[in-house]
Amino acid sequence: MKLTIKQINEKLATISKSDDPFFLQCKKDSRVGVQQLVQRWEKNEEIEKDKQQQFYNMLSIEREVRSQGYTLVAGIDEVGRGPLAGPVVAAAVILKDDCYLPGLTDSKKLSATARETFFNLIHEQAQAIGIGIVSSEIIDKVNIYEATKLAMIKAIEELEVSPDYLLLDAMKVNLPISQQSIIKGDAKSITIAASSVIAKVTRDRLMNQLGSQYPEYGFEKHMGYGTKQHLEAIKEYGVLKEHRQSFAPIKEMV
């Protein structure tokens, strides 16, 4: 008795190799529905292989650094330089040596759902995670570039273990730790990608809280960026302490 399409679909979900006897048997099944399942499985398998290859490619920088004798390699990234409101948030992540995070990349390239999934996976596979948050008031005092460096230093200081090497996304920090600045590092280094996700999800959650506190501003939708909705809300309801008063057009409104 032949298995139904539904039964085959359920069983294919448990198959991990294309040379599995059951999969080979399905390839010979003449039913259109089965062939569609086979094609879908092969497509998904190709996607997973691409993710796996991308992951190992993004590990190459870390492997090179470790080959030089460094053992605690931290990736650091930030989010929130451009918004008109809210903090700038940085994260520092030291991943375990046996971490496996296929599909992880620059947080901007991931959906909100994927970021949340990876946020949890990174916490499971990290040796240490540090978060640095710098408020809009400090941003106004020192400028956004300096505030970003402050957030990164705070994140590094929050790590439970001290890193002996830093990988940063197009930045350098004034710390006595060997470091490497990598342009578009969040798409080239797995630890920087991990820190970009931690920083992004952390800041988004903070902005969602701000949205609940000030529902008329819609922070949970624009995350503090200068959208039309946000600018109209500022004109109607005024400037908050969470707004960056050194940023245009806020500075013209205070």
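In terms of modelled atom types and a separation under 3.5 Å, the side chain of Tyr217 and the main chain of Tyr237 share a donor-acceptor contact. At distances below 3.5 Å, not a single donor-acceptor pair connects side-chain atoms of Asp106 with backbone N or O atoms of Ala187. For the pair His230 (side chain) and Tyr225 (backbone), a donor-acceptor distance under 3.5 Å is present. Proximity of a side-chain donor or acceptor of Asp20 to a complementary backbone N or O of Ile15 within less than 3.5 Å is not detected.
Residues Ala147 and Val134 share a closest heavy-atom pair of O-CG2, 3.7 Å. Across all non-hydrogen atoms, the minimal contact from Ile133 to Ile131 is CG1-CG2, 3.9 Å. Minimum interatomic distance between Leu206 and Pro87 (heavy atoms only, all atoms of both residues): CD1-CG, 4.1 Å. In this structure, Leu101 and Gln125 approach most closely via the heavy-atom pair CD2-NE2, 3.6 Å. Minimum interatomic distance between Val93 and Ser195 (heavy atoms only, all atoms of both residues): CG2-CA, 3.7 Å. Taking all atoms of both residues into account, the shortest heavy-atom contact from His243 to Gly238 is CE1-O, 4.3 Å.
Side-chain contact check for Thr113 and Ser111: no donor-acceptor pair (N or O, by modelled atom type) lies under 3.5 Å. A donor-acceptor contact under 3.5 angstrom links the side chains of Tyr165 and Gln180, judged on distance only. Between the side chains of Gln52 and Tyr100, a donor-acceptor pair is found at a separation under 3.5 Å.
Cation-pi geometry between Arg244 and Phe247 is met: under 6.0 angstrom from the ring centre, within 45 degrees of the axis. A cation-pi arrangement, defined by a distance under 6.0 Å to the six-membered ring centre and an angle within 45 degrees of its axis, is present between Lys11 and Phe22.
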Requested in this report: Before giving the answer on side chain to side chain donor-acceptor pair (under 3.5 Å), spell out for Ser212 and Glu220 the whole-Å C-alpha distance, their side-chain angles and the decisive distance to 0.1 Å.
Outcome: CA-CA 8 Å; Ser212 298; Glu220 73 285 356; over 6 Å; no
**Report entry** Ile198 and Phe118: CA distance, side-chain angles, deciding distance, side-chain contact (heavy atoms from CB on, under 4.5 Å) verdict
**Finding:** CA-CA 9 Å; Ile198 297 297; Phe118 276 118; over 6 Å; no
**Report entry** side-chain contact (heavy atoms from CB on, under 4.5 Å) assessment of Ile139 paired with Val88
**Finding:** CA-CA 8 Å; Ile139 292 170; Val88 60; 4.1 Å; yes
Report task. Could you please spell out the steps behind the side-chain contact (heavy atoms from CB on, under 4.5 Å) verdict for Asp169 and Ile182? Result -> CA-CA 5 Å; Asp169 187 9; Ile182 304 167; 5.8 Å; no
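Remark: Glu236 engages no residue in a side chain to side chain contact (heavy atoms under 4.5 Å, CB included) (not counting sequence neighbours).
Of the residues Val65, Ile61, Leu166, the one that meets the side-chain contact (heavy atoms from CB on, under 4.5 Å) test with Val73 is Val65.
A salt bridge is absent between Asp98 and Lys96: the closest approach of a Lys/Arg side-chain nitrogen to an acidic carboxylate oxygen does not fall below 4.0 angstrom. Taking the charged nitrogens against the carboxylate oxygens, Asp19 and Lys17 have no contact shorter than 4.0 Å, which rules out a salt bridge. Salt-bridge formation is not detected for the pair Asp186/Lys109: no Lys NZ or Arg NE/NH1/NH2 atom is positioned less than 4.0 Å from an Asp or Glu carboxylate oxygen. Ion pairing of Glu116 with Lys200 is absent here, as no side-chain N (NZ or NE/NH1/NH2) approaches a carboxylate O to less than 4.0 Å.
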Which donor-acceptor pairs under 3.5 Å do side chains of residues 42-50 form with protein atoms, sequence neighbours excluded?
from, atom 1, to, atom 2, distance (Å)
Glu42, OE2, Lys27, NZ, 3.3
Asn44, ND2, Arg40, O, 3.4

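The stretch residues 137-163 participates, sequence neighbours left out, in these side-chain hydrogen bond (donor to acceptor under 3.5 Å, both in side chains) pairs: Ser135-Glu137, Asp140-Ser246, Glu146-Lys149.
Aromatic ring orientation, Tyr214 versus Phe219: perpendicular (interplanar angle above 60°, classes split at 30° and 60°).
In this structure, the side chains of Ile76 and Leu167 stay at 4.5 Å or more apart for every pair of heavy atoms.
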